Every structure is written in structure tokens, then in C-alpha cells.
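To keep things clear, I will list the structure first and then write my remarks on it.
Quick caveat: nothing in here was measured; it's all calculated off a predicted structure. Side chains are part of it too, since the values below use all heavy atoms of this structure and drop only hydrogens, waters and symmetry mates.
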Amino acid sequence: MPNRESRVIYLDNNATTAMDPEVIEVVAEEMRRGPANPSSQHALGRSASERIDDAIQRMGRCLGSDLSVPGGPRLILTSGGTESNNLALAGLGERGCPLIVSEIEHPSVLAVATEQQRSGRTVHRLPVSPGGRVHVEKLQSLLESCGNGAVVAVMSANNETGVVQPISEILAVCHDAGALLHVDATQSIGKLPLSLESPERDDRTPDSLSFAPHKFHGPAGVGGLWLAAGVTLRPQLHGGEQQLLTRPGTEPVALVVGMARALELAVQHLPQASRHMAELRDRLQNRLSEEIAGLVIHGVDQPRLPSTCCVSFPGTNRQSMLMALDMAGVACSSGSACSSGSSPPSHVLLAMGCPEWAVESAIRFGVSRFSTKDEIDTAADRICKIYNRLRT
């Protein structure tokens, strides 16, 4: 076993999480069953289809949504959060209707908006406050200029800062204006309560919601797009009749069953896990604040995910810090994992109006329900030592 000084401490849980051992066993057991194509008409195929249906119903119960009602809400199985977001933005509403996205959305939303704008679609970008929350009043005025039928995309909580968005207010504004709302809930499931209570569309229920289980200790390569009752979706893939033609392709039975179990465990552990993560997040940021003068904690005065701490280190740059932390055995990031390969400046912090030095020195730390106090204390020691060595 690595000793306390050498072991890697994983603080990049916003990017992905370790699979829960119970989920690993569920996935492995399903794979040991042998070939499983839910579309096959023989007994093995019918059995696989039944297990998919059971997993979907279980996930519906976790989300507070009865997926057994004819004509009611649906859950579309996808390859992950990126596909779910792409499918929602490209497939909701009338073809070519106005699209409004917040400036702090995940790249899988912003890239779709940019591509759709190039194709001639009207796209508006919704600004945020210095604290990282969207301007609801600005959204209202944008919707008034768009008329009925717009599609709005706002994430439930930001993947870089952890700042929680005022979804209830946004829902009311969107539905009053006859607009559809898509919510990217990828970061919040397992950390914040979620209940899609009503089978009918109302101000408590978004029109679509995306999630990915690898963010809450489930498998990667699978995801979900929940659709409210009566909401239709234009397919973006063609060539199969699966999922009522909405998203054709052979469903990965083992991953879907694993996703259902991960969601059940996330909901089951949420109260204790949320408290545990918030304690560890605060323990880390308090230690760093005590040791490092001028440290900035982004979104600290706003409601935040209990797991996320995004900080800027004065007198350093994010690339040097990331490389040094990696060498010291602290795994963290400087932004979204979907764009961190080239490590561009954070579009989220830029949208919040942060000064250049803060954008250039921002590092994100994310804990999970499996993180420990010992890990946090060890990581804080390493971070402070590295900062003192690198600061100009």
C-alpha cells in the first residue's frame, strides 16, 4: 500500500467518480449473464428487455417520476450527459425556434448553441451575476423578445464553481412565457434533493433533464434524458426502432442496470453524503484560506454544491499548479474535463467578471462521499507546500 506521503488523493470528482463497489458487482453480474440484446425476439432478448424496463422504472422512482403512465414522462437512455444535452437542445421545440443558454453552461450545451447559431438559429446567451447565478430578470426580457416557443437551457448547478442556479424561478418564468426549459442536472444528482413530482407539466417540472451516472459513482458510457409528459423530441440518430425511434441503438444492458443501482444508492445516501461532503469541502477551503493570503473562493457567498470548491491562488498560474499537484499526488482540475486537455481560461469565471489573475490561477477541487478527512488534511498540506514554492 502507498504510504501517507505518496498515495494519490483524488479531488476531481466533478469530472468523474469512482464506481461504488456495489455498482461494480451489479454491472459484472449482468455481464456474466452473457449476450443481451433487448431488441432480440428470443427468450434471452426478452429477458434483457425486461431488465431494461425494470431499471427505467426504478430510476423513475428515484427521480420522483412515474414512468409507467401511458402518455406520461419518459426516460431516454443515452451514452452520457453530453449526448443528453445535445439531444435536448437540437430536438426540443419547433425546428429553428429561438434558443437561450446561460453563459456558464457545460461545453456540451455551449458548443451545440454555437453550431446551431452558425446554421441560422437565433441564439441568446444569458449573463450571470459576479456570484455566478443567472439573471432571471434578463431571462424574462429575452423571452418577451423571443415570443412563444423558445427553448432555454440552464444547469442546476455549475460544474466549475458549484454555484446552484435558481431553477424554480427560471421554471416559472419559462412556463409563463410558453418556453421549454432543459436542465442539465449532471452535477447535482446525489448532492442535492431532486423530485420531478408531477406527471403533468407545471412550474415545478422542467421539460427535460439530463444526468450521467459516472458523476455519482456509477458507470461511464451511459446517461439519461428525462422528458416531461407531452414533450416531444426530434431524433438525432437514425437506423433503429429502439426507444420509440427517439434514440435508436442497442441499449447497453449492464450499464443501464448499473446506472439504476447507482441512482438508488445516490438517493439513499444523499442526506448523510451531502453533510459529509460539505464538511470536507469547508475543511479544505478553510485550511487553504488560513494558510494562503489573498486566496479567492469562487461562489462562496452563493448556494453551492456541498462537494465543490473552486479557488484562485494569487501569484501562480493554473498550469503550473496543476502539474505540480499532479506530481505531488493530488488529482484536481482547472475546469470542465471536457475542455481541460487544452486548459483554456474558464469561460465560467470570465462570465462572472473575475479579474484576469483569478481566471488564470483557478483550480477546482471536488470531493465525494468516499473522500476522507485524512485525505483532505494531507491534500491541504501538499497544496500549501506547492503554493509556497510556486508563488511569484
Apply the test side chain to side chain contact (heavy atoms under 4.5 Å, CB included) to residues Val128 and Asn158: give CA-CA distance (whole Å), side-chain angles for both, the deciding distance (0.1 Å), then the verdict.
CA-CA 12 Å; Val128 297; Asn158 187 258; over 6 Å; no

Got a sec, which residues hit side-chain contact (heavy atoms from CB on, under 4.5 Å) with Val359, two or more places apart in sequence or on another chain?
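For Val359, the residues satisfying side-chain contact (heavy atoms from CB on, under 4.5 Å) (neighbours in sequence not counted) are Pro345, Leu349, Leu350, Cys354.
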
What do the steps show when you test Glu105 against Ser102 for side chain to side chain donor-acceptor pair (under 3.5 Å), and what is the final call?
CA-CA 6 Å; Glu105 294 302 300; Ser102 86; 2.5 Å; yes

Would you kindly say whether [X] and [Y] are connected by a side-chain donor-acceptor distance under 3.5 Å?
X      : Y      : value
His214 : Thr17  : no
His175 : Asp207 : yes
Ser361 : Arg318 : no
Asn14  : Thr308 : yes
Ser156 : Ser188 : yes
Thr372 : Asp374 : no
Asn85  : Asp184 : yes
Arg74  : Thr246 : yes

Could you check whether the rings of Phe313 and Tyr387 sit parallel, tilted or perpendicular, using 30° and 60° as the cut-offs?
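Judged by the thresholds at 30° and 60°, the geometry between Phe313 and Tyr387 is tilted.
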
Fit a plane to each ring of Phe370 and His217, take the angle between them on a 0 to 90° scale, and name the class: parallel (under 30°), tilted (30 to 60°) or perpendicular (over 60°).
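Perpendicular, since the angle between the ring planes exceeds 60°.
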
Whether the side chain of [X] engages the backbone of [Y] through a donor-acceptor N/O pair (distance < 3.5 Å, no angle test) should be reported.
X      : Y      : answer
Ser312 : Ala358 : yes
Ser129 : Arg133 : yes
Arg304 : Val164 : no
Arg369 : His269 : no
Gln242 : Gly249 : yes
Glu160 : Arg364 : no

Can you tell me how far [atom2] of [Y] sits from [atom1] of [X], rounded to the nearest 0.5 angstrom?
X      : Y      : atom1 : atom2 : value
Leu11  : Arg382 : CG    : CZ    : 10.0 Å
Asn317 : Trp357 : CG    : CH2   : 13.0 Å
Leu89  : Asn86  : CG    : CG    : 7.5 Å
Tyr10  : Cys332 : OH    : SG    : 10.5 Å

Atom CD of residue position Glu94 - does it have more than 12 heavy atoms of other residues, nucleotides or ligands inside 6.0 Å?
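For Glu94, atom CD is not crowded (no more than 12 foreign heavy atoms under 6.0 Å).
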
Heavy-atom count check: over 12 atoms from other residues, nucleotides or ligands less than 6.0 Å from Gln41 CD?
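At most 12 heavy atoms, drawn from other residues, nucleotides or ligands, come within 6.0 Å of this atom.
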
Linking I/L/V/M/F/W/Y whenever their side-chain heavy atoms sit closer than 4.5 Å, directly or via other members, would [X] and [Y] fall into one cluster?
X      : Y      : answer
Met155 : Val151 : no
Val348 : Leu305 : no
Leu270 : Met277 : no
Ile386 : Ile376 : yes

Among Ile, Leu, Val, Met, Phe, Trp and Tyr joined by side-chain contacts under 4.5 Å, find the other residues sharing a cluster with Ile24 and list them by chain and number.
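Under the 4.5 Å side-chain rule, Ile24 groups with Met19, Val23, Val27, Met31, Leu265.
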
Under the criterion side chain to side chain contact (heavy atoms under 4.5 Å, CB included), which of Val136, Leu142, Val101 is the partner of Leu126?
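Testing Leu126 for a side chain to side chain contact (heavy atoms under 4.5 Å, CB included) against Val136, Leu142, Val101 leaves exactly one candidate, Leu142.
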
Passes side chain to side chain donor-acceptor pair (under 3.5 Å), Arg51 versus Ser47? Steps please.
CA-CA 6 Å; Arg51 295 195 297 280; Ser47 176; 2.6 Å; yes

When you look at Arg275 and Glu279, which way does the salt bridge (Lys or Arg N to Asp or Glu O under 4.0 Å) test go after all the steps?
CA-CA 6 Å; Arg275 288 193 297 271; Glu279 179 183 343; over 6 Å; no

Qualifying residue, where the test is side-chain hydrogen bond (donor to acceptor under 3.5 Å, both in side chains) with Trp226 and the options are Ser65, Ser208, Ser210, Ser84:
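With Trp226 as partner, Ser65, Ser208, Ser210, Ser84 yield a single side-chain hydrogen bond (donor to acceptor under 3.5 Å, both in side chains), made by Ser65.
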
